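Working notes, structure below.
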There are 2 protein chains.
Amino acid sequence: MKKRITLKQIARELDVSISTVSKALRNSIEISEDTRQKVQAFAKFYNYRPNNIALSLKNRKTKTIGIIIPEIVHHFFSKVISGIEAVANKRGYNVIVGLSNESFAKEVINMEMLANGSIDGFILSIAKETLQQQDYHHFTETINQGMPIVMFDRVVNAIKCDKIIVDDVLGAKKAVSKLISNDCKNIAIITTKDYVSVGKLRTQGYLEALEEHKINPKASLILKVDDELLSEDHLDSLEKEIENLFRNNKKLDGIFAVNELYAITAMKVARKLKMNIPDDLQIIGFTDGVLSKHAVPALTTVSQHGQKIGEKAAELLINNLEREDEEDIYETVVIETELIERNSTK
Amino acid sequence: MKKRITLKQIARELDVSISTVSKALRNSIEISEDTRQKVQAFAKFYNYRPNNIALSLKNRKTKTIGIIIPEIVHHFFSKVISGIEAVANKRGYNVIVGLSNESFAKEVINMEMLANGSIDGFILSIAKETLQQQDYHHFTETINQGMPIVMFDRVVNAIKCDKIIVDDVLGAKKAVSKLISNDCKNIAIITTKDYVSVGKLRTQGYLEALEEHKINPKASLILKVDDELLSEDHLDSLEKEIENLFRNNKKLDGIFAVNELYAITAMKVARKLKMNIPDDLQIIGFTDGVLSKHAVPALTTVSQHGQKIGEKAAELLINNLEREDEEDIYETVVIETELIERNSTK
DNA sequence: TGTCAACACGAAAACGTTTTCGTAGCACAT
DNA sequence: ATGTGCTACGAAAACGTTTTCGTGTTGACA
């Protein structure tokens, strides 16, 4: 077991000073051709690599990005990470991930753990509990300490930072408009409680689409599901709530669901009630995950382009980190959604 | 924007030495009650937090675990990460992830990038290309430098390190035995080429189950899919290959697929050929992802418990890191699989 | 008064780099 | 002999900690 070699050791072996070694390795013209060759050969032989931690301490830069997301076992979030990683890697950065599990406390702890020098900046999507409590002090404090943040998907406008969002309103509007032009007369929305920003925005898009087509929204067609039901463990109660929606609206012929799970569960209920998709009922979901693609029938859905969101977030953050002038100009980038038509609509 | 405060600044403000501040904050009895109070109050007021990088340099420990996996947009791998993160966090570690994208070169680069002081140890699953080329020098070198590695799922026995594996053979055997006892007479396996260790092992389990029940394996019932077809982009050709399998074996009545995608695609083909599941054809998959749970009919599958694999891997690695004696005793832990019976079998 | 602990603190090294600045040695011109 | 200007290198500081060791001051005690 040969440990990593350091500059000091090379210097001692070659009987020169540490500075000479350092310079020789960086091809400084200060050092004679002779010495340079000698040092480089020696370093190569012993497979010398500068110690990242020492460099980080010296440069006060870690070349590492912190990612804080609510969960990782989730198609959208893993796509985003994948996008971040790709760009980060290309630009010489590593990524370190923390999971909040939708908990405020874990979000705070994770951020504090990383903010003490471990990373140069954050890319994050806010936990539901945080959104609910509206306590954003950990974000403002981090930013105040000069550590940039890029938020994606679940953002809050009050915080001054870069943001990557999806045109949730427009995406939802397009989806619902599609249902309307496909002759749906009674379109329900299955969405989240309002404190989840994206749920609220998609609901807004739903309402706007109805209004544009002079359709009066009906309260009974709007199902705001309690967020606990999103977890895989509460599928049953989610199914019951949706089944109630169906039973209370006999003429239901279109559904817009704000996420994949709601859409798939709606399909399940429809099947149970012997409704034919898309003949009796057309369904559109949000987020283009594996479930939508492989469902039967394949689900028409609003794709969010998670990969692109991640890439853009990483770009924005790194640009910010490497910008010379310390101007605080924050962008909000909107990544366009795309309606992917499959077989759950006509 | 107030930057993070350091020991030196506190020392200057309070007109004491750096060492006094450091000791006071750690409640050393060397420091008088008075000074301690003063320093701690000041530190608290300015929200002092020790700089992680400086600590890492000093202690030569980063309290960070490196994870290298082939891809992250994948139910199994994200489950594993989730398990690692949970344990790591509880024990005061962070996780930093690198993606190999199944490429040998990216695996090597990622490991080199992290091995230079950024992390204390690795948890990884080997890229397919690496398995194919059988070039493992980056693993042995890392281990030789005293940095421990824990491999999971895709492992290679030649490397001396901790390993977490699934009882692939037994899991496959249980699945195929289930099909046999469900009266299947012509059971096919859809698997990978042999260099993917887990594919090979699951194939072995399939063969063992047949043998145990005195059934002669038929070459035409064994489909070894080229790994490129696993990507979501090549669904069509994957479907064609599987369709050929069906057409060449008219009496096919059972399928064991070594992963979720193969199983789902087989279901798709069956549907296309008007075969009824599970009456005409019974299917069992491997890996318990979302697709299996939400497929119609829901897919019977061999669950690998990705979360548990991750947890165990993290435990093993951290135990190793924190062990005093430098004994190199490596464990191979087998995580039991579980056959989750759903509706694709009788 | 002198000695000795106990107390409370500071100086400095160490972790592994990079970089600034100083300078010894030499050649050359004056 | 003096001055000038290179060349090639070394010393030391700095990044932010922790820790070992040394030391000045105090009070108790003989």
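Keep in mind that what you see is a predicted model, and the values were worked out from it rather than measured.
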#### Entry: Residues B:Ser100 and B:Ser103: side-chain donor-acceptor under 3.5 angstrom
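No donor-acceptor contact under 3.5 Å links the two side chains.
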### Query
Between the two ends of the helix from C:dT1-D:dA30 to C:dT30-D:dA1, what is the bend in degrees, rounded to 10 degrees, where each end axis spans five pairs?
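Nearest ten degrees gives 90° for this helix.
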### Query
For A:Ile165 and A:Phe152, what are the C-alpha separation, side-chain angles and deciding distance, and is it a side chain to side chain contact (heavy atoms under 4.5 Å, CB included)?
CA-CA 6 Å; A:Ile165 54 175; A:Phe152 71 90; over 6 Å; no
#### Entry: 4.5 Å side-chain heavy-atom contact, B:Ile65 and B:Leu317
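Side-chain contact under 4.5 Å: yes.
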Look at all strands and tell whether [X] reaches a base, only sugar-phosphate, or nothing, counting heavy atoms closer than 4.0 Å.
X: B:Thr35; result: sugar-phosphate
X: A:Ser32; result: sugar-phosphate
X: A:Arg49; result: sugar-phosphate

Looking only at side-chain N and O atoms, does [X] come under 4.0 Å of OP1 or OP2 in [N]?
X: A:Arg26; N: C:dT19; value: yes
X: B:Ser22; N: D:dT17; value: no
X: B:Lys8; N: D:dC15; value: yes
X: A:Arg60; N: D:dG16; value: yes
X: B:Ser19; N: C:dC9; value: no

Roughly, in whole Å, what's the span from [atom1] in [X] to [atom2] in [N]?
X: A:Leu7; N: C:dG16; atom1: CG; atom2: P; value: 10 Å
X: A:Leu57; N: C:dC15; atom1: CG; atom2: P; value: 14 Å
X: B:Lys38; N: C:dC9; atom1: NZ; atom2: C1'; value: 12 Å
X: A:Asn51; N: C:dG16; atom1: CG; atom2: C1'; value: 6 Å
X: A:Ile29; N: D:dA8; atom1: CD1; atom2: P; value: 10 Å
X: B:Gln9; N: D:dG16; atom1: CD; atom2: C1'; value: 10 Å
X: B:Ile18; N: D:dT20; atom1: CD1; atom2: C1'; value: 16 Å
X: A:Lys3; N: C:dC15; atom1: NZ; atom2: P; value: 14 Å

### salt bridge (Lys or Arg N to Asp or Glu O under 4.0 Å) between B:Glu311 and B:Lys308, intermediate numbers included
CA-CA 5 Å; B:Glu311 291 167 5; B:Lys308 198 179 290 178; over 6 Å; no
Looking at [Y] and [X], is there a salt bridge between them, counting it only when a charged N and a carboxylate O are closer than 4.0 Å?
X: B:Arg154; Y: B:Glu102; result: yes
X: B:Lys106; Y: A:Glu85; result: yes
X: B:Lys63; Y: B:Glu322; result: yes
X: B:Glu315; Y: B:Arg91; result: no

### Task
Test for a donor-acceptor pair under 3.5 Å between the base of D:dT20 and the side chain of B:Lys23, counting only N and O atoms.
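Such a pair is found, so the answer is yes.
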### Query
A:Lys58 side chain: which of D:dT17, C:dG16, C:dC21 is closest?
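For A:Lys58, the side-chain atoms sit closest to C:dG16.
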### Task
Between B:Val21 and A:Leu55, name the one whose nearest nucleotide on DNA chain C is closer to the 5' end.
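Nearer the 5' end of the strand: B:Val21.
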